[in-house]
Asker: 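Quick one: the structure is below, and I'll ask about it shortly.
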2 protein chains.
Amino acid sequence: MAVGNDGSRRGGVRQVAAAAGVSMSTVSNVLNRPDVVAAETRQRVEDAMSAVGFVRNGAARQLRGAPSSVVGCIVLDSSNIFFAEVVRGMEDKLAQANCLLVTCSTDVQPQRELHYLRMLDEQGVRGVIVSPVIGKLDGLVSLSRHGVPVVLLDRRRGKTELCAVTVDNVRGGRLAVQHLLELGHQRIAMVTVSTEVESLADRAKGARLAIRDAGLAPDDVLLTIRMPGPAAPDRYADAVDHLLALTPRPTAALCFNDTAAVGVLRELRRRGIAVPTEMSVMGYDDVHFASELSPALTTVRQPRYQLGWAAAELLLAESDARHRHQELLFQPDLVVRASTCPPRRPGRRPASS
Amino acid sequence: MAVGNDGSRRGGVRQVAAAAGVSMSTVSNVLNRPDVVAAETRQRVEDAMSAVGFVRNGAARQLRGAPSSVVGCIVLDSSNIFFAEVVRGMEDKLAQANCLLVTCSTDVQPQRELHYLRMLDEQGVRGVIVSPVIGKLDGLVSLSRHGVPVVLLDRRRGKTELCAVTVDNVRGGRLAVQHLLELGHQRIAMVTVSTEVESLADRAKGARLAIRDAGLAPDDVLLTIRMPGPAAPDRYADAVDHLLALTPRPTAALCFNDTAAVGVLRELRRRGIAVPTEMSVMGYDDVHFASELSPALTTVRQPRYQLGWAAAELLLAESDARHRHQELLFQPDLVVRASTCPPRRPGRRPASS
DNA sequence: CTGTTAGCGCTTTCAA
DNA sequence: TTGAAAGCGCTAACAG
């Protein structure tokens, strides 16, 4: 009894109409404009619906022009705890509007982004929330023009007319590197997955700004270690090998997210490198477990659930009559814990005089 | 150019047919049975498709009887790292079959399960993968009878004809408690979110079996602390308060997942309770960061990505001609690390003689 | 190999 | 208020 009747095939409006002794359109009215139907008739129809085991056919409704009730989201990796929580925020906001969320992960591959975008378009989704890998926004702008609302996630709208929900990544990168500079680090490795994805590029930009502000030369201080995407198995081992092979060896590693920081912590531990005394490590996101790591992770906090919620909110708003596209900007915060400390040997090089 | 043409409205098969100078059905054939169309014609049609900016209309296809290309999954909490990875496994497997995944979280509320099930049914999804909160499987069985394939996740099929992918939770609970008993613990608190959800109930069952095997009385050894669902804010604080108030105080806390274990570790630390010396803590899942926690977490490993992948695989298989429903069982493993040790005061009570 | 036609289940005019 | 009829975009069944 939990989900309609059992056993018998489920019927459509036609069967319901027959069972209730009314016409199809009355049934439709009960569904879409209940107030227009006599209470008694309505009751009879509703009874018939559960008797017949009626389930609305979304495809048919959509074909007739009803707005779809599924929304798509495309992120870099839904299994990353950061995105997982962002997505959860979306899901909950969408649930309020009786919408479902399709989750797609690109693993930072442009081709996968394209593929999912196409599939979502074919599904006729109500809209898409995208954290793009692809640099050019043309495809998304075009999609939007064709009537599929697009909300950018962690990507500024630039000159486009799209909605966007972002966190100030330039500021985040700056905060992180300021902290490391203040501790005395002069060789800092940024461990990232892409130098093209805007949010990540912005953090690098902020990092350089911080270095410049300190009167140093960004290229002398900042190194970039680029890892392969989430799918690669030994990505952290390779990244740490790379990190340790740099000369002079960096004294701090700034990871592009906390999950990566965990990977780096693990590989450093395996190699017997003490954190933070031999190597400071920073994360990014401040996920729940960051404070319980060994050592507790210094990181940059950014909102997650709230970010997804806001993105979904904007997306839903686009259905409304006249709606101005807008950009929302959240602010990150530096969270200092135990995984960073002054470098062992101060100065640019080991003092040799 | 990335996603079809720009600016102009997108056309359907009709427009494509016109543009290519062929009939609608030829276009349809190019789409569905390419081999039946002359190569030259096909090319012309394909050109027309991109010229017109053709995007297949999924709703119409579905209405005509094509199998849907979206699958639903309902889990307890998609933002929990365990489920996030399970879901990612599903997503990747489904992508191979050109399917999309809708993710739904119940937060352990039966009513939300019902709601999502209904919505997915209305969407006409290809099938659903469900980690149910609801005890009775009737609703799912009925859904399955009505032609919507159902795969149970982390739930045994019992006497039903459903497919299921599970991990041996009785074994998992047993392994965990055996370990604690061997260390000498005689008061063990299980921190859980539900005593009804089968996977969690099974672990409790395994725990009791382990105690019985050791010649002890389960009710003397095992306490249950039930937390509210994922949405509640101070759940861990409250749970730990509860834990510490028990008399005699348990010497070990067995948490129902690693995320919960992190919460418990944090709250214990806040209260100045040393882990493991004053309180042993175990998790469940062995997520990536478990080994980097402070202290490194003793836990029970279970597959995640693989679990989701397998579930999606079974679901897709149901589309095939004659397919036997089957149950897949994975095995968990005990992973001993640093968050457990012998209790400070051996014996049932503080020795007082 | 290509063109014509009917209809999936629903909503929505319109007339009663 | 309710009932009859048309058609959303696509596909499958035929006839050419």
Asker: I'd like to check V86(A) versus L153(A) (side-chain heavy atoms, cut-off strictly below 4.5 Å). Are they in contact?
Answerer: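 In short, these two side chains touch, coming nearer than 4.5 Å.
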Asker: Is it true that E198(B) and R156(B) make a salt bridge, defined as a side-chain N closer than 4.0 Å to a carboxylate O?
Answerer: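 Yes, E198(B) and R156(B) are salt-bridged.
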Asker: If I compare all heavy atoms of A60(A) with all of N57(A), which pair ends up nearest, and what's the gap?
Answerer: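 Residues A60(A) and N57(A), closest heavy atoms: N-OD1, 2.9 Å.
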Asker: Say whether, by atom type as modelled, one donor and one acceptor occur between the side chain of E91(B) and the main chain of S105(A) under 3.5 angstrom.
Answerer: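 Indeed, once roles are kept as given, a pair shorter than 3.5 Å links the two residues.
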Asker: The helix from dC1(C)-dG16(D) to dA16(C)-dT1(D): angle between its terminal axes, five pairs each, to 10°?
Answerer: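 The angle separating the two end axes equals 40°.
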Asker: Could you write nucleotides 8-16 of chain C as a row of B, S and -, 5' to 3', where a protein heavy atom under 4.0 Å of any base atom gives B, of only sugar-phosphate atoms gives S, and otherwise -?
Answerer: BBBBB----
Asker: Does R112(B) come within less than 4.0 Å of D92(A), counting only side-chain N to carboxylate O?
Answerer: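 Looking at R112(B) and D92(A), the cut-off is met.
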Asker: Give the nucleotide from the list dC1(C), dG3(C), dT2(D) with an atom nearest to the side chain of A38(B).
Answerer: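 Of the options given, the side chain of A38(B) lies nearest dC1(C).
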Asker: Hey, is R118(B) close enough to E122(B) for a salt bridge, meaning N to O under 4.0 Å?
Answerer: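 Between E122(B) and R118(B) there is a salt bridge, with a charged N closer than 4.0 Å to a carboxylate O.
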Asker: Do the charged groups of D47(A) and R42(A) touch, with an N to O distance under 4.0 Å?
Answerer: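 Not counted as a salt bridge, because no side-chain N and carboxylate O are separated by less than 4.0 Å.
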Asker: I need the minimum non-hydrogen distance between A48(A) and V16(A), along with the two atoms involved.
Answerer: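 Minimum heavy-atom contact is CB-O, 3.8 Å.
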